[in-house]
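Below you'll find the structure, written out as structure tokens, and then a few comments.
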Amino acid sequence: MSSTLIVLNLKTYLEGTGEGAVKVAQACKEVADECGIEIGVAPQFCDIYRVASQVDLPVYAQSLDPVGAGSFTGHAFVQSIKDAGAVGTLINHSECRLTLANIDASITTARDAALKTIVCTNNVATSAAAAALGPDYVAVEPPELIGSGIPVSKADPGVVTGSVEAVKRINPAVQVLCGAGISKGEDLAAALELGSVGVLLASGIVKAADPKAALEDLVSKV
Ligand code: G3P
């Protein structure tokens with residue numbers, strides 16, 4: 001396995017919901033086995049167990065709530081996420097933003113449960129701030145490019161290189177992913193070229209007519 005990481009966020013796309021989540025995860029697993037690159041998926045909470053129990057690949061939650069066991073209602077409890085089979089979690093995705101204090105508490109909660117943490121950021125300054133909190137990964141994604149089909153690695157390479165530099169300066173143990181508009185082999189190759197260790201992506205694969213073929217194209221240039 002290379003050290004490159006690809007995480008496919010299934011969001012609430014219908015194509016990535018319920019049995020759809022299992023199908024997309026199976027495509028990820030097949031392509032990961034073919035190319036030797038780690039590919040994980042982030043399904044909705046209710047699909048974590050369904051995916052993790054049927055497909056042998058890393059499963060991430062899309063977020064979690066920093067609550068403990070006990071008198072809490074309507075929360076995504078870390079123990080439940082872990083028991084469902086997740087190995088990590090996204091935190092602070094642009095579509096599920098948190099306060100700085102809650103990002104910190106979510107990282108601590110996940111880390112205490114031995115879950116990997118991917119904190120999403122929207123620019124260089126927030127990448128630096130997130131790095132100071134010590135997650136495993138910072139994933140920089142300019143919100144205006146999310147779902148646009150315009151790859152961050154082409155449209156805004158500076159936010160990737162700037163985040164890589166800032167994160168390295170603040171906390172060299174933290175690795176950087178980038179995302180937004182990534183779907184093709186050249187996008188992933190460019191993302192790696194800019195110093196990130198991988199990508200966080202969604203629509204270009206989940207909504208593709210043939211997600212497996214789209215994934216094969218994604219990994220074709222590395
Ligand atoms: O979490 C991944 C994401 O926000 C990027 O979405 O559709 O631009 O690949 P997309």
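Both counts, for ligands and for their atoms, begin at 1 and track the order of listing. What's counted below: heavy atoms across the whole structure, side chains too, no hydrogens, waters or symmetry copies.
- When each atom of ligand 1 is checked for a heavy atom of E141 under 4.0 Å away, the hits are 1 (O), 2 (C), 3 (C), 4 (O), 5 (C).
- By the 4.5 Å side-chain criterion applied to Ile, Leu, Val, Met, Phe, Trp and Tyr, I91 is assigned to a cluster that also includes L98, L100, I103, I107, V119, L133.
- I146 places a side-chain heavy atom less than 4.5 Å from the side chain of S94.
- Although no hydrogens or angles enter the test, the distance criterion places no donor-acceptor pair under 3.5 Å between the side chain of Q175 and the main chain of D136.
- Nearest protein heavy-atom contact of atom 1 (O) of ligand 1 is H93 NE2, 2.8 Å.
- When heavy-atom distances to ligand 1 are checked against a 4.0 Å cut-off, N9 comes that close only through its side chain, counted from C-beta outward.
- At least one N/O-N/O distance between K11 and ligand 1 falls below 3.5 Å.
- Not a single N or O atom of S148, backbone or side chain, sits closer than 3.5 Å to an N or O atom of ligand 1.
- Residue-ligand proximity, G147 to ligand 1, at heavy-atom distances under 4.0 Å covers atoms 7 (O), 8 (O), 10 (P).
- Under a 3.5 Å cut-off, the side chain of E38 and the backbone N or O of I6 do not form any donor-acceptor pair.
- Between F45 and S80, every side-chain heavy-atom pair lies at or beyond the 4.5 Å cut-off.
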Result block: side-chain N/O donor-acceptor pairs under 3.5 angstrom for residues 182-191, not counting sequence neighbours:
| residue | atom | partner | partner atom | Å |
| --- | --- | --- | --- | --- |
| E186 | OE2 | K154 | NZ | 3.1 |
| D187 | OD2 | S183 | N | 2.9 |
| D187 | OD2 | K184 | N | 2.8 |

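- Each of the following atoms of ligand 1 lies closer than 4.0 Å to a heavy atom of S203: 7 (O), 9 (O), 10 (P).
- When atom types are taken as modelled, the side chain of D47 and the backbone of R50 share no donor-acceptor pair closer than 3.5 angstrom.
- Near I146, meaning under 4.0 Å from any of its heavy atoms, are these atoms of ligand 1: 4 (O), 6 (O), 8 (O).
- Using a 4.0 Å cut-off to heavy atoms of A180, the atoms of ligand 1 that qualify are 5 (C), 8 (O).
- In the vicinity of G181, heavy-atom distances shorter than 4.0 Å reach the ligand 1 atoms 8 (O), 9 (O), 10 (P).
- For atom 9 (O) of ligand 1, the nearest protein heavy atom (residue, atom name, distance) is A202 N, 2.8 Å.
- Y13 is connected to V51 through a chain of hydrophobic side-chain contacts under 4.5 Å among Ile, Leu, Val, Met, Phe, Trp and Tyr, so both are in one cluster.
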